[in-house]
There are 2 protein chains.
Amino acid sequence: MGLAKTEMFTDAQNEIALFAKVFGHPARVAILQQLFKIEGCYCGDLVNEIGLAQPTISQHLKELKHLGLIKGNVEGTSVCYCINTENWSKMKVAMLQFLNQDVSQNKDCC
Amino acid sequence: MGLAKTEMFTDAQNEIALFAKVFGHPARVAILQQLFKIEGCYCGDLVNEIGLAQPTISQHLKELKHLGLIKGNVEGTSVCYCINTENWSKMKVAMLQFLNQDVSQNKDCC
DNA sequence: ATTATTAATCGTAATATTGCAATAATATAA
DNA sequence: TTATATTATTGCAATATTACGATTAATAAT
């Protein structure tokens, strides 16, 4: 199969999984960290910084953009990428709610 | 390939990616939510609750256990699963640090 | 116009993931 | 001991992911 049965789960569960999935590769983690750190965030800079091939970085950027976590602006032959702060905040709401769950009663049931 | 070049990234980046990856499937999200919600957390209960086949649930539980986020205790023929609260907290430290990043200066560089 | 720069896309190989039927393993009950 | 209940493991098919070379597209510089 290789394909998740998303119809069996709630929208909230699928949303969390989608966001988590995109964070599930260290290259995308590194890209996002770099975008938070650097103001000038050209694609080529990320290729140099991270060390994967240009098409590979481009592909990871596409996934991040597709989820709305970053945006890219064409500047001549370059493309400037940066965090989509509004959507990042929205993502955080969902993820934090999941991560901040607490065991209701007895700490260790088993 | 299909295989991440982990050696190019920091331990912290790889750790975040590993945790995120395990949250990247709605079934594992659902399992964890159920374990937070219910005290008696038998494997069979999860099969009924979630609706995937028993081997599939068992496999997802294995991954969660392998990362240390849950623990399982044998009780007769059943196995009681629950959140490993200590490790969950440790995971949260790493994930929150990543999620709480803030853009340093100008909100939208592009 | 030609050439250089930069990034996206295509095609493909290698590997990983998901899901389940069949089976095995383990412990309890009769 | 034999049957029953519960979970783990194995094997396999379908699909997804990762990575990159080759190419294309688009703009800028000469």
Side-chain angles (χ1 to χ4, degrees), chain A residues 1-9 13-14 17-31 34-35 40-67 70-82 110, chain B residues 1-9 13-14 17-31 34-35 40-67 70-82 110:
Chain A
M1 307 263 151
L3 142 157
K5 294 191 149 186
T6 54
E7 75 279 3
M8 313 182 74
F9 305 100
Q13 287 166 341
N14 283 315
L18 275 180
F19 283 130
K21 201 174 184 179
V22 91
F23 299 144
H25 192 292
R28 292 190 290 265
V29 171
I31 287 172
Q34 190 71 4
L35 293 187
C41 35
Y42 294 98
C43 174
D45 296 341
L46 293 167
V47 174
N48 291 332
E49 177 68 24
I50 292 174
L52 291 170
Q54 178 266 319
T56 307
I57 296 292
S58 201
Q59 197 173 281
H60 285 307
L61 285 168
K62 192 178 174 186
E63 289 180 66
L64 290 168
K65 198 176 172 189
H66 184 251
L67 258 191
I70 65 173
K71 42 186 172 177
N73 202 40
V74 179
E75 293 182 9
T77 62
S78 311
V79 177
C80 179
Y81 280 99
C82 63
C110 49
Chain B
M1 306 265 152
L3 143 156
K5 294 188 146 185
T6 53
E7 74 280 3
M8 312 180 77
F9 305 99
Q13 287 166 339
N14 283 316
L18 274 181
F19 283 130
K21 200 172 184 181
V22 89
F23 299 144
H25 192 292
R28 292 189 290 264
V29 171
I31 287 172
Q34 190 71 5
L35 293 188
C41 36
Y42 295 97
C43 173
D45 297 341
L46 292 166
V47 174
N48 292 332
E49 177 69 24
I50 292 175
L52 291 170
Q54 179 267 321
T56 307
I57 296 293
S58 198
Q59 197 174 279
H60 285 306
L61 285 168
K62 192 178 173 186
E63 287 180 66
L64 290 168
K65 196 175 172 188
H66 184 250
L67 258 191
I70 65 173
K71 42 186 172 175
N73 202 37
V74 180
E75 292 182 10
T77 63
S78 312
V79 177
C80 178
Y81 281 101
C82 64
C110 51

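A, B, ... follow the sequence lines: proteins, then strands. Residue 1 opens every chain.
Counting non-hydrogen atoms under 4.0 angstrom, B:K65 reaches nothing in the nucleic acid.
When each of C:dA8, C:dA16, D:dT7 is scored by its nearest atom to the side-chain atoms of B:Y42, the top-ranked nucleotide is D:dT7. Side-chain proximity of A:V79 to the nucleotides C:dA8, D:dA16, C:dT17 is greatest for C:dA8. Among the nucleotides D:dA5, C:dG19, C:dT15, the one closest to any side-chain atom of B:T77 is D:dA5. Comparing D:dT7, C:dT6, D:dT17 by their closest approach to the side chain of A:S78 singles out C:dT6.
One atom, CZ of A:R28, and another, P of D:dA16, lie 15 Å apart when rounded to the nearest Å. In this structure, CD of A:E7 is placed 15 Å from P of C:dT18, rounded to the nearest angstrom. As a whole-Å value, the separation of A:N73 CG from D:dT27 C1' is 14 Å. Residue B:L46 contributes atom CG, which lies 15 Å from atom C1' of D:dA8 at whole-angstrom precision. Distance, A:H66 NE2 to D:dT17 C1': 16 Å, rounded to whole Å. A:M8 places its CE atom 9 Å from the P atom of C:dG19, with the value rounded to the nearest Å. At whole-Å resolution of the value, NE2 in A:H25 and C1' in C:dT15 are 12 Å apart.
Closest non-hydrogen pair, A:K5 versus B:L52, comes out as CD-CD2, 3.7 Å.
An OP1 or OP2 oxygen of D:dA16 is reached within less than 4.0 angstrom by no side-chain nitrogen or oxygen of A:K21. Distances shown here put a side-chain N or O of A:K5 below 4.0 Å from the OP1 or OP2 atom of C:dC20.
Nearer to the 5' terminus of DNA chain D, by closest-nucleotide assignment, is the contact made by A:L52 (compared with the other of A:L52 and A:V74). Residue A:G24 is the one, among A:G24 and A:Q54, whose nearest nucleotide of DNA chain D lies closer to the 5' end (criterion: closest heavy atom).
Under the 30°/60° scheme for interplanar angles, the aromatic rings of B:H25 and A:F9 are found to stand perpendicular.
In this structure, the separation between CD on B:Q13 and CD1 on A:I31 is 10.5 Å, given to the nearest 0.5 Å. How far CG of B:L35 is from NZ of B:K71: 12.0 Å, rounded to the nearest 0.5 Å. Interatomic distance, CD of A:E63 versus CD1 of A:I70, reported as 10.5 Å (0.5 Å rounding). Atom CD of A:Q34 is separated from atom CG of A:N48 by 10.5 Å, given to the nearest 0.5 angstrom. We find the OG-CG distance between A:S78 and A:N73 to be 11.0 Å, quoted to the nearest 0.5 Å.
Within residues 55-64 of chain A, the residues having any heavy atom closer than 4.0 Å to DNA chain D are, in order of number, A:P55, A:T56, A:Q59, A:H60, A:E63.
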